[in-house]
Amino acid sequence: MNKDIVKLQIPKEPSYISLVRLTASGIAYSMALNIDEIEDIKVSIGEACINSLNFSEEDEISLTFIIDEEKLSITVSGVKENIPEELDEKRERELGLLIIKSLMDEVVFNEKGIEMIKYIEDDIQ
Amino acid sequence: MNKDIVKLQIPKEPSYISLVRLTASGIAYSMALNIDEIEDIKVSIGEACINSLNFSEEDEISLTFIIDEEKLSITVSGVKENIPEELDEKRERELGLLIIKSLMDEVVFNEKGIEMIKYIEDDIQ
Amino acid sequence: MSLLVEVIFDEKENKWMFFPKGEIDIYTSSKFKEEVLNHFNSNQTDIIIDGTHLNYIDSTGLGALISILKKLREKDFKIYLSNLKTNIRKIFDITELDKLFIIRGEDSE
Amino acid sequence: MSLLVEVIFDEKENKWMFFPKGEIDIYTSSKFKEEVLNHFNSNQTDIIIDGTHLNYIDSTGLGALISILKKLREKDFKIYLSNLKTNIRKIFDITELDKLFIIRGEDSE
Ligand SMILES: Nc1ncnc2c1ncn2[C@@H]1O[C@H](COP(=O)(O)OP(=O)(O)O)[C@@H](O)[C@H]1O
Ligand SMILES: Nc1ncnc2c1ncn2[C@@H]1O[C@H](COP(=O)(O)OP(=O)(O)O)[C@@H](O)[C@H]1O
């Protein structure tokens with residue numbers, strides 16, 4: 001089965017996160033995901049980027065979209081699962097992770113960041 | 001002056017060109033370019049990608065957006081200025097280059113591909 | 001990709017009403033919070049945030065709302081959320097913030 | 001990000017009318033050309049391509065139109081373009097294809 005890869009890299013700046021959401025929506029749309037699924041992906045990728053913005057040590061956020069017939073996998077660099085106790089926005093950042101875990105089908109953290117997967121369901125409606 | 005860099009890489013496939021146009025529109029929009037300028041950029045980047053699709057030797061098309069206060073520079077890999085005589089779509093590809101040269105403020109070809117620049121004008125309207 | 005906030009003071013209900021249009025996200029949420037609290041501080045009443053034109057909210061937007069809620073609670077005022085779109089209602093569900101806010105314009109009311 | 005083509009046979013004018021909705025681009029242009037020529041071949045008349053709902057065209061779309069034009073000319077039929085949006089009209093200007101096609105629904109008519 002063919003896998004297509006799209007890569008996106010943005011400056012670690014709040015103003016570029018809406019661009020990531022736009023691009024992710026475009027990819028999800030072209031995979032014929034439904035509106036709710038596109039929205040889930042948009043929200044999750046936004047939260048992943050906010051987390052990276054807070055915790056990444058790099059100056060850029062790197063995103064990789066792996067597109068195949070059965071799923072969309074998105075990796076976002078610099079995303080951390082463990083949020084420092086002393087952080088003012090600790091609970092807010094935890095909300096972000098909770099949202100991602102609720103909206104995506106699979107979520108894996110590794111040393112590079114996060115991988116989030118959405119499966120394409122054959123909608124029988 | 002600060003320069004922001006956004007990078008995008010897509011498979012060398014027709015189906016991803018609309019995604020490039022979408023992302024480019026998003027960048028141009030966030031730079032407060034006007035509708036006509038956004039359209040010029042969208043059309044030009046589409047043509048650059050079609051050219052790359054035809055002539056690039058790579059499996060991917062790489063795009064770099066350099067954003068500063070006075071201009072947007074876009075480089076697209078694999079774009080060629082010299083179109084082979086024997087090509088069926090020679091004139092069609094030439095139309096593509098003509099469109100880019102007409103719509104962008106500066107166009108430079110190098111061994112990697114094309115660089116296209118749009119200056120941000122202070123619209124006095 | 002941006003946020004506009006329309007503000008009305010409802011004399012009859014004696015409440016501030018805010019109509020955010022667009023997205024309360026990392027780029028706009030602190031400005032949103034500031035704008036709401038400025039109005040609240042100029043005239044302390046309950047407030048309504050109407051979601052009819054709110055397309056998107058992220059965790060920083062939720063944080064801003066929580067922060068506003070806490071400021072109001074300190075003075076015993078209430079914050080109502082009305083007419084939230086389904087996608088945004090879903091975020092309140094997931095995060096259980098629907099228990100923290102008074103959500104109106106739904107079956108439950 | 002896609003193309004739908006509505007087709008009507010105008011009995012009064014005895015012409016095929018095509019209403020492309022969306023984008024005639026690298027992803028859709030060969031299908032568009034095929035669809036137009038299939039209808040033309042089933043009943044050879046002049047054709048009108050109406051741009052009211054056409055948002056975008058690229059060089060492959062122009063190539064498709066030129067190819068259609070040539071096929072029609074071989075049989076002495078005409079192709080009209082009507083109601084092109086400004087951004088698309090601009091592409092015809094730049095490429096001077098406005099001289100090759102009969103463009104209607106403008107001041108010049
Ligand atoms: N019950 C809660 N659930 C989730 N996050 C909360 C909760 N209470 C507070 N927070 C977090 O605290 C911040 C806002 O609350 P607050 O303590 O009033 O901070 P501030 O000083 O910024 O107003 C946000 O970052 C929010 O995420
Ligand atoms: N006058 C012209 N200006 C620009 N391109 C042209 C012109 N005439 C033909 N072409 C090119 O030729 C192709 C279509 O014309 P045609 O020779 O009919 O080819 P086909 O066999 O595909 O129908 C397109 O790729 C188009 O770019």
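Chain naming here is simple, since letters A, B, ... match the order of the sequence lines and numbering starts at 1 in each.
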When rounded to the nearest 0.5 angstrom, what is the spacing between [atom1] in [X] and [atom2] in [Y]?
X       : Y       : atom1 : atom2 : answer
C:Tyr56 : A:Glu39 : OH    : CD    : 7.5 Å
C:Ser59 : A:Glu94 : OG    : CD    : 11.0 Å
C:Ile26 : A:Ile50 : CD1   : CD1   : 4.5 Å

In terms of heavy-atom proximity below 4.5 Å to chain C, should [X] be classed as side chain, backbone, both, or neither?
X        : value
A:Leu98  : both
A:Lys42  : both
A:Leu103 : side chain

**Asked** Has A:Lys7 got more than 12 heavy atoms of other residues, nucleotides or ligands less than 6.0 Å from its NZ?
**Response**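 For A:Lys7, atom NZ is not crowded (no more than 12 foreign heavy atoms under 6.0 Å).
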**Request:** Under 4.5 Å, counting heavy-atom pairs only, tell me which of C:Thr86, C:Asp58, C:Ile91 racks up the most with chain A.
**Result:**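 Sorted descending by pairs with chain A, the first entry is C:Asp58.
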**Prompt:** Looking only at heavy atoms, what is the nearest atom pair of C:Tyr27 and A:Ser15, with distance?
**Reply:**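 Minimum heavy-atom separation between C:Tyr27 and A:Ser15: CE1-CB, 3.4 Å.
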**Message:** When you compare the side chain of C:Leu62 with that of A:Glu92, does any pair of heavy atoms fall below 4.5 Å?
**Reply:**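 Result no, sub-4.5 Å side-chain heavy-atom pair not found.
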**Request:** State, with a plain yes or no, whether a side-chain heavy atom of A:Leu95 is found less than 4.5 Å away from one of C:Ile94.
**Result:**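 Side-chain contact under 4.5 Å: no.
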**Item:** Contact origin within C:Asp93 toward chain A - heavy atom pairs under 4.5 Å
**Value:**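 The answer is neither part of C:Asp93.
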**Item:** C:Thr60, part contacting chain A, at a heavy-atom distance under 4.5 Å
**Value:**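 For C:Thr60, the contact with chain A is made by backbone and side chain together.
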**Prompt:** Going by an N to O cut-off under 4.0 Å, is there a salt bridge joining C:Lys90 and A:Asp36?
**Reply:**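 Salt bridge absent between C:Lys90 and A:Asp36.
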